[in-house]
Visitor: 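Right, I'll just put the structure down here and ask away after.
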Amino acid sequence: MGNGTGVIGGGIVGIALARALAQRGDEVTVLEKEQRLAAHQTGHNSGVVHAGLYYAPGSLKATLCAAGRAQLREFCQEKGLPYREVGKLVIAVDEAEVAALDEIERRSLANGVPDLERIDDSRRLAEIEPHARGVAAVHSPHTAAVDYTSITEAMAQDVRAAGGSILLGHEATAITAEPGRVRVRTAGSEHTFDRVIVCAGLHSDVVARFVGADPSPKILPFRGEYWALRPERTDLVRGMIYPVPDPRFPFLGVHFTRGVYDDVHVGPNAVPALAREGYSWRRISVKDTWDSLRWPGAAPLARQHWRMGIDEISASVLKPRYFRKAQRFIPELKMSDLRRTSTAGVRAQAWGRGGELLDDFAIDKVGAVTLVRNAPSPAATSSLAIADHLVAQL
């Protein structure tokens, strides 16, 4: 027979799940390929606790975001971790964006976003963000900033305190389902479990193939690059300033975010990464890139989004293009206010055979192996609620 539950992946979703299982008395072992936790998506995101403004009402994203935000706030209070409700302003810069802003307001109200305020008065907008400009906005005062790496480490302490085990430097190389057990091999060890839950993020489709799951959805890595406001100019932004997102694309667009430690970063954009862990243009994997290009969804995706792709790539390469995207919201912004940082993240964007980009959370099951196939933003916000959802399914 097997031996408890194996969790593959030491990002915030995997560790939150291990914590939920360990605290209810299960024997849990986490296998993480890196030498530290939160090494990829968790440790490279913008640190925002989302309030649920964008998600389709009734979707898994919407319900788990609402529950997860409340749980995360309580967790940070309990552990003495910083949780700063700096607030978010989503701005329609011109009349052409007002209809899309109306839809965000509708979704926000349906999702129960607390204390949401619609703003159609420039004076009220200036009270919240004095340097921002636009014709209308919605304000979410309880959108917060946190340090997700610290949160993941605190969750890991709870896993260990409850008797769970976290093994770093253990990359799963094979999963074999046998009668009554699941065998997981790494480069230097072998483990046998009653069941396995895969939270492998950027490698979720690779690990899914180990157990013969459907190759779709495949992971398409998108890099998000950031600039930072120079310290003497961070007073241009009080909280967070976001654009009205393009509903055809699952990314929010360049925005301003005051972080939990009072830095202000600008971004991210969204450019196709040339490797699953391609944090810069120099990081190239021929295998990863070839796998993406030969996927059946590649051609329809390119046909549908080539204009946006060219726009995002040019803004990545040319600072003036990036600057102009940001200056739409803060006219006082100068090019010299943007400082290059080494910060970038890679998002595991799931896409189907028809070129469609999956928007909601997606979970598969193959025998005793549960596969988290798509856990996009707000997965970090929702992590504790995702864990509860998976445990309930088990």
Side-chain angles (χ1 to χ4, degrees), residues 45-51 53-54 84-102 104-105 116-145 224-246 251-271 308 311-345:
N45 68 29
S46 55
V48 177
V49 181
H50 293 282
L53 278 74
Y54 309 105
R84 296 184 59 194
E85 291 188 343
V86 297
K88 174 196 287 187
L89 199 63
V90 181
I91 298 179
V93 173
D94 53 41
E95 293 295 337
E97 296 179 342
V98 171
L101 183 73
D102 292 342
I104 287 177
E105 182 185 20
L116 187 83
E117 180 187 0
R118 172 64 182 247
I119 298 167
D120 293 297
D121 177 354
S122 59
R123 284 174 300 180
R124 174 61 184 140
L125 193 151
E127 286 174 10
I128 298 168
E129 288 287 356
H131 301 281
R133 295 293 179 270
V135 298
V138 293
H139 184 231
S140 166
H142 299 293
T143 295
E225 301 158 333
Y226 296 90
W227 290 77
L229 285 189
R230 293 187 178 281
E232 62 272 20
R233 295 288 277 169
T234 56
D235 61 340
L236 288 173
V237 180
R238 283 184 176 175
M240 303 180 191
I241 299 172
Y242 276 59
V244 176
D246 185 333
F251 305 106
L252 296 177
V254 169
H255 46 271
F256 297 80
T257 303
R258 180 168 289 276
V260 74
Y261 302 120
D262 253 354
D263 56 316
V264 175
H265 55 253
V266 187
N269 57 358
V271 296
M308 181 167 283
D311 182 53
E312 290 289 314
I313 290 168
S314 63
S316 167
V317 176
L318 303 169
K319 182 180 180 181
R321 293 291 300 271
Y322 202 110
F323 166 71
R324 282 197 293 274
K325 285 174 179 280
Q327 194 190 33
R328 291 180 70 227
F329 303 94
I330 301 182
E332 294 169 57
L333 190 71
K334 300 185 180 72
M335 185 113 68
S336 59
D337 295 335
L338 297 183
R339 185 177 63 180
R340 174 71 79 178
T341 74
S342 59
T343 305

Visitor: Would R340 count as a cation-pi partner of W227, with NZ or CZ less than 6.0 Å from the six-membered ring centre and within 45° of the ring normal?
Guide: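 Flagged: R340 positioned over aromatic ring of W227.
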Visitor: Does the H255 side chain pair with the main chain of I241, one donor and one acceptor, at a distance under 3.5 Å?
Guide: no
Visitor: Looking at CD of E129 and CD1 of I119, how far apart are the two atoms once the value is rounded to the nearest 0.5 Å?
Guide: 10.0 Å
Visitor: Considering non-hydrogen atoms only, spot the tightest contact between K88 and L53 and give its length.
Guide: CD-CD2, 4.3 Å
Visitor: Within this structure, what is the CZ-CZ distance for the pair R324 and R328, rounded to the nearest 0.5 Å?
Guide: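 Separation between the atoms: 12.0 Å.
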Visitor: Do side-chain atoms of R84 reach the backbone of Y261 as a donor and acceptor pair under 3.5 angstrom?
Guide: no
Visitor: Is any side-chain heavy atom of V90 closer than 4.5 Å to one of L101?
Guide: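 Counting from C-beta outward, L101 and V90 do come under 4.5 Å.
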Visitor: Main chain of V254, side chain of Y322: is a donor-acceptor contact present, judged purely on distance under 3.5 Å?
Guide: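 Between the backbone of V254 and the side chain of Y322 there is no qualifying donor-acceptor contact (under 3.5 Å).
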Visitor: Grab the two heavy atoms, one from G134 and one from L125, that are nearest each other, plus how far apart they are.
Guide: O-CD1, 4.2 Å
Visitor: Within this structure, what is the NE2-CG distance for the pair H139 and L89, rounded to the nearest 0.5 Å?
Guide: 6.0 Å
Visitor: For S316 and E225, work out which heavy atoms get closest and say how close.
Guide: OG-OE1, 2.7 Å
Visitor: Which pair of heavy atoms, one from V244 and one from I91, lies closest together, and at what distance?
Guide: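 For V244 and I91, the tightest heavy-atom pair comes out as CG2-O, 3.4 Å.
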Visitor: So, taking the atom named NZ in K319 and the one named CG in L338, what distance separates them when rounded to the nearest 0.5 Å?
Guide: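 Taking NZ in K319 and CG in L338, the distance rounds to 5.5 Å.
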Visitor: Look only at the side chain of E85 and the backbone of P141, and say whether a donor-acceptor pair between them is shorter than 3.5 Å.
Guide: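 Side chain of E85 to backbone of P141, a donor-acceptor pair under 3.5 Å: no, none is there.
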Visitor: Is there a side chain to side chain contact (heavy atoms under 4.5 Å, CB included) between V48 and Y242? Walk through the geometry before answering.
Guide: CA-CA 12 Å; V48 177; Y242 276 59; 3.5 Å; yes
Visitor: Which pair of non-hydrogen atoms, one from T143 and one from A51, has the smallest distance, and what is that distance?
Guide: OG1-CB, 3.7 Å
Visitor: Do L236 and F256 have side-chain heavy atoms sitting under 4.5 Å apart?
Guide: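 The answer is no, as the side chains (C-beta and beyond) never meet within the 4.5 Å cut-off.
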Visitor: Any sub-3.5 Å donor-acceptor pair from T343's side-chain atoms to Y226's backbone N or O?
Guide: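 Between the backbone of Y226 and the side chain of T343 there is no qualifying donor-acceptor contact (under 3.5 Å).
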Visitor: Applying the side-chain hydrogen bond (donor to acceptor under 3.5 Å, both in side chains) test to E332, which of R233, Q327, H131, R133 qualifies?
Guide: H131
Visitor: Which heavy atom of G259 sits nearest a heavy atom of A145, and at what distance?
Guide: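 That would be C-CB, 3.9 Å.
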Visitor: Determine whether I128 and R238 make a side-chain contact, defined as any pair of heavy atoms from C-beta on separated by less than 4.5 Å.
Guide: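 Side chain of I128 against side chain of R238, heavy atoms only: no contact under 4.5 Å found.
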Visitor: CG/L229 to OG1/T341 distance, rounded to the nearest 0.5 angstrom?
Guide: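 That separation rounds to 11.0 Å.
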Visitor: Rounded to the nearest 0.5 Å, how far does CD of E127 lie from OG of S122?
Guide: 10.0 Å
